[in-house]
Amino acid sequence: IGLSQAGLSRAVAPLGTAFTESQLRLIEKYADTLVCMMDGDKAGRAAALKAVRLALEKGKLRVRVLLLPEGMDAFDLSVKTDAATILSLLALSFPGERYLIVETMFPGTAVIPAAEPGSEGLLRFGEHVRREYERKRMELDASSKRDGLARLDELVKTMPPELGQILKQEGSAIIGV
């Protein structure tokens with residue numbers, strides 16, 4: 001409701017952190033992209049991971065993820081900003097495949113904004129996200145990379161072959177192997 005009041009008319013909310021295949025099918029009738037905007041706490045990250053995986057496995061949508069600062073949800077964002085700011089943040093969302101890979105390999109490491117977004121800080125936010133991903137990638141030791149690839153291998157085994165191959169290639173590229 002808040003996003004609609006802020007001027008984004010094509011927003012829906014799963015109740016809590018639940019997202020189902022029937023909701024996915026309904027969204028596919030009206031959109032070609034699904035952006036999972038969740039708060040960055042453990043439950044929000046898990047819900048985004050579940051929604052992305054479901055959409056990639058069963059759906060036909062492009063999938064993107066935007067994690068909000070912990071304790072902030074989409075309604076809070078709609079109250080504190082305007083539609084233009086929200087759209088600018090959505091432009092900084094991550095491809096769903098990348099989110100699935102990073103959260104599978106290194107749980108809890110997907111980058112979220114360090115502070116509440118404001119229109120004057122959007123460029124800094126985008127640059128912050130890019131720098132944080134690069135910093136975290138460079139900090140990984142060989143053991144962490146091995147463990148992450150093992151977790152990714154387990155995920156890939158559960159995916160359709162074409163999608164699994166893409167995830168494996170992207171995961172290897174993310175950590176530089």
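One is the number of the first residue; the rest follow in order along the sequence. All values reported here derive from a predicted model rather than from experimental measurement.
Note: the hydrophobic cluster containing Leu61 also contains Leu54 (ILVMFWY, side chain heavy atoms under 4.5 Å, direct or indirect links). Phe94 and Ile166 end up in different hydrophobic clusters when Ile, Leu, Val, Met, Phe, Trp and Tyr side chains are linked at under 4.5 Å. Leu77 and Leu87 end up in the same hydrophobic cluster when Ile, Leu, Val, Met, Phe, Trp and Tyr side chains are linked at under 4.5 Å.
Between Gln165 and Val156, every side-chain heavy-atom pair lies at or beyond the 4.5 Å cut-off. At a threshold of 4.5 Å between non-hydrogen side-chain atoms, the residues Glu103 and Val52 do not count as touching. Side-chain contact between Leu100 and Leu49 is present, with at least one heavy-atom pair separated by less than 4.5 Å. Counting only heavy atoms from C-beta outward, the side chains of Phe19 and Leu34 approach each other to under 4.5 Å. Side-chain contact between Tyr99 and Leu67 is present, with at least one heavy-atom pair separated by less than 4.5 Å.
Rounding to the nearest 0.5 Å places CD1 of Ile27 at 12.0 Å from NZ of Lys29. Taken to the nearest 0.5 Å, the CG atom of Asp41 stands 10.5 Å off from the CG atom of Leu68. Between atom CZ of residue Arg98 and atom CD1 of residue Ile101 there is a gap of 7.0 Å, rounded to the nearest 0.5 Å. We find the OG1-CG distance between Thr104 and Leu152 to be 7.0 Å, quoted to the nearest 0.5 Å. A distance of 11.0 Å separates CZ of Arg151 from CD of Glu154, quoted to the nearest 0.5 Å. The line from CE of Met105 to CG of Leu149 is 4.0 Å long, rounded to the nearest 0.5 Å.
Taking the side chain to side chain contact (heavy atoms under 4.5 Å, CB included) definition, one finds that Asp76 meets it with Met72, Asp73, sequence neighbours left out.
When all heavy atoms are compared, the tightest approach of Ile86 to Ala6 is CD1-CB, 4.2 Å. Closest heavy-atom contact between Met38 and Gly44: CB-O, 3.5 Å. Taking both residues in full, the closest heavy atoms of Val65 and Ala48 are given as CG1-CB, 4.3 Å, listed atom of the first, atom of the second, then distance.
A side chain to side chain contact (heavy atoms under 4.5 Å, CB included) with Ser93 holds for exactly one of Thr33, Val63, Leu66; it is Leu66.
For residues 56-65, every residue pair satisfying the salt bridge (Lys or Arg N to Asp or Glu O under 4.0 Å) rule, not counting sequence neighbours, is listed here: Arg53-Glu57.
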Exercise. Check the pair Arg25, Glu28 against salt bridge (Lys or Arg N to Asp or Glu O under 4.0 Å), reporting the backbone distance first and the verdict last.
Key: CA-CA 5 Å; Arg25 297 288 170 240; Glu28 287 175 334; 2.9 Å; yes
